[in-house]
Amino acid sequence: MNILVIGSGGREHALVWKIAQSRQASTIFCAPGNGGISESAECIPIKANDIPGLLQFSKEKKIDLTVVGSEEPLTLGIVDEFTKHGLLIFGPTAQAAEIEGSKVFSKQLMKKYGVPTAEFEIFSDAVHAKEFIRSKNKSFVVKADGLAAGKGVIVAADVQETLDAVDLIMSDKKFGTAGNKIIVEEKMSGEEASVFAVTDGEDYVLLPAAQDHKRIFDGDRGGNTGGMGAYAPAPVVTPEIMAQVERTIIRPVIRGMASEGRLYKGVLYCGLMLTDDGPKVVEFNCRFGDPECQVLMPLIESDVIELFLAVAQGKLKNYSLRLNSMTATCVVLASGGYPDAFEKGKTIFGLEKKLSSGAMIFHAGTQKPDEKFITSGGRVLGVTAFTDTIAGSIQKAYEIAGQVSFEGMHFRKDIGFKALKRLGQV
Ligand code: AMP
Ligand code: GLY
């Protein structure tokens, strides 16, 4: 089969890496891809949001299956367009992708179908939002409705910060039209984890629960990032919690989306807060997480193309997913300055060393203009190790991270430590 993967980050490198292990894949293309991906797929210079360009390419190259990594093309309707032209594609339609594309839609869906999430109010003007906040006289979480590159959420510390957040999003238009509507939401507390259901709209399979590390500094301090590292399976999601997530979140959402006429196909990413009252939804995403995908792909034993095909064709009913019993850890190596303005074009050293089995360096922001890789993004590499134990995978990932360097490189030193703590290993 000719396969096309859409996107250019560590997530897409992990997808390409896993797809390359499939007996069904003959040629793999990636649009636009990156320096590391170009080692195992043919990268084509078409942007992930150029849907007409991707459609034309897919027809020309007779692509048998397209796998969409990132959210933007999904919310723009790439699945609708490809399906209309008889092309198989893995991912939700634009209407289904609204579960990530519009937080207002997602919160209303949860309310309608009784899915546990924080209490909330929706506002389309700043005056009413601020009146509400003043009347409650406490702090809230303020969220822009639309896509804001993971930055549209402000967890305010006090009333004034909550009011300022409303102004920033609605009056200053910090996130553009994404802030035309906002959610003002109760604060939840607890440990966060992500659960991924892969569904054809009716049936689903579950991947191991993962934990991301969103803050830039150790100990979950500093500003939010796209994710500085991840591990899976996350022991905080016990089999009991997983069963509760399935019963109270995954099944009602998949059924709810179908009843709304928005059949949900693809990855349903459930961002959860594990509160004292049970797991509650922080957000849904319509795709794999990044870096979470980098720790999930190594845990899949099955041929991943068979899974994606079963979803795209609506044939998941008789499918059974095989997972291995390993644990994976990914440490993200970031550019100097990230998550704010960051440096680019730095030569990366240490990538030529052959990796032992059970490890992979996924590229997120790299280019390969000649013999050497250079940095081209905020998150540069995802050093991923997979072994029998969480402690082993953490140790191995950090060992390899220590062999790589570029000017300004920084990374968190505590990826996976919450799991070690929970297991009483630190
Ligand atoms: P989101 O982009 O919706 O995942 O939000 C980004 C981050 O903000 C989450 O990972 C949480 O750490 C935090 N957050 C979002 N909503 C809430 C909430 N209701 N209570 C506490 N923290 C939240
Ligand atoms: N790692 C968080 C995300 O992919 O949204």
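For clarity, every value in this text was computed on a predicted model and none was experimentally measured.
If you check the side chains of Glu240 and Gln244, you find no donor sitting under 3.5 Å from an acceptor. Side chains of Tyr269 and Glu100: no donor on one and acceptor on the other come within 3.5 Å. Looking only at atom types and distance, the side chain of Ser335 has no donor-acceptor partner in the side chain of Lys346 under 3.5 Å away. Between the side chains of Asn180 and Lys173, a donor-acceptor pair is found at a separation under 3.5 Å.
For the salt bridge (Lys or Arg N to Asp or Glu O under 4.0 Å) with Arg287, the qualifying choice from Glu292, Glu71, Glu72 is Glu71, the only one to do so. Screening Leu296, Val195, Leu299 for a side chain to side chain contact (heavy atoms under 4.5 Å, CB included) involving Leu207 leaves a single residue, Leu296.
Lys413 places no side-chain N or O within donor-acceptor distance of the main-chain N or O of Tyr398, the cut-off being under 3.5 Å. The main-chain N or O of Asn224 is never found under 3.5 Å from a side-chain atom of Lys214 such that the two would form a donor-acceptor pair. Looking at Thr384, its side chain does come within 3.5 Å of a backbone N or O of Gly382 through a donor-acceptor pair. No side-chain donor-acceptor contact under 3.5 Å links Ser194 to the backbone of Gln211. For Asp290 (side chain) and Arg11 (main-chain N/O), a donor-acceptor pair under 3.5 Å exists by modelled atom type. In this structure, the side chain of Lys18 engages the main chain of Ile300 through a donor-acceptor pair within 3.5 Å. Formation of a donor-acceptor pair under 3.5 Å by the Asp303 side chain with backbone atoms of Ile305 is found in this model. With hydrogens and angles ignored, the 3.5 Å screen pairs no side-chain donor or acceptor of Arg262 with any backbone N or O of Pro92. Here the side chain of Lys174 pairs no donor or acceptor atom with the backbone of Ala165 at under 3.5 angstrom. Although no hydrogens or angles enter the test, the distance criterion places no donor-acceptor pair under 3.5 Å between the side chain of Gln395 and the main chain of Gly392.
Within 6.0 Å of the CD atom in Glu119, the count of heavy atoms belonging to other residues, nucleotides or ligands does not exceed 12. Counting non-hydrogen atoms of other residues, nucleotides and ligands closer than 6.0 Å to CD of Glu191 gives a total above 12. Heavy-atom contacts from other residues, nucleotides or ligands closer than 6.0 Å to CG of Asp370 number more than 12. By the 6.0 Å contact criterion, NZ on Lys181 is open, its count of non-hydrogen atoms from other residues, nucleotides or ligands being 12 or less. Atom CD of Gln425 has more than 12 neighbouring heavy atoms from other residues, nucleotides or ligands inside a 6.0 Å radius. At most 12 non-hydrogen atoms from other residues, nucleotides or ligands lie less than 6.0 angstrom from NZ of Lys47.
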Quick one: do Gln313 and Leu88 satisfy side-chain contact (heavy atoms from CB on, under 4.5 Å)? Show the steps, please.
CA-CA 8 Å; Gln313 296 172 325; Leu88 269 181; 3.8 Å; yes
Please lay out, stage by stage, how Leu272 and Val237 fare under the test side-chain contact (heavy atoms from CB on, under 4.5 Å).
CA-CA 10 Å; Leu272 305 172; Val237 181; 5.6 Å; no
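From Phe308, atom CZ reaches atom OG of Ser302 across 11.0 Å, with rounding to the nearest 0.5 Å. Taking OG of Ser124 as the reference point, atom CE of Met170 lies at 6.5 Å (rounded to 0.5 Å). One finds the CD1 atom of Ile254 at 9.0 Å from the CD atom of Glu246 (value rounded to the nearest 0.5 Å). For the atom pair NZ of Lys396 and OG1 of Thr389, the computed distance is 10.5 Å after rounding to the nearest 0.5 Å. Rounded to the nearest 0.5 Å, atoms CD1 (Ile183) and OG (Ser106) are 7.5 Å apart. Annotation: the span from His363 atom NE2 to Lys368 atom NZ amounts to 9.0 Å, rounded to 0.5 Å.
Across all non-hydrogen atoms, the minimal contact from Val380 to Thr366 is O-CG2, 3.6 Å. The minimum heavy-atom distance between Thr329 and Val295, with the atom names listed, is C-CG1, 3.7 Å. For Asp212 against Gly226, the heavy-atom pair with the smallest separation is OD2-O, 3.9 Å. Between Met242 and Ala209, the closest heavy-atom pair is CE-N, 4.0 Å. The shortest heavy-atom contact between Tyr231 and Gly416 is CD2-CA, 3.4 Å. Here the closest heavy-atom approach between residue Asn2 and residue Lys62 is recorded as ND2-O, 3.1 Å.
A salt bridge links Asp220 with Arg412: at least one charged nitrogen is closer than 4.0 Å to a carboxylate oxygen. Looking at Glu185 and Lys103, no side-chain N of the basic residue comes within less than 4.0 Å of a carboxylate O on the acidic one, giving no salt bridge.
Under the 4.5 Å side-chain criterion, counting only non-hydrogen atoms from C-beta, Ile99 is in contact with Tyr264. In this structure, the side chains of Phe140 and Glu186 come closer than 4.5 Å at one or more pairs of heavy atoms. At a threshold of 4.5 Å between non-hydrogen side-chain atoms, the residues Ile3 and Phe90 do not count as touching. Contact of the Ile250 side chain with the Thr199 side chain is not registered, since no non-hydrogen atoms from C-beta on lie closer than 4.5 Å.
Note: Phe196 and Phe288 have tilted aromatic rings, judged against thresholds of 30 and 60 degrees for the angle between ring planes.
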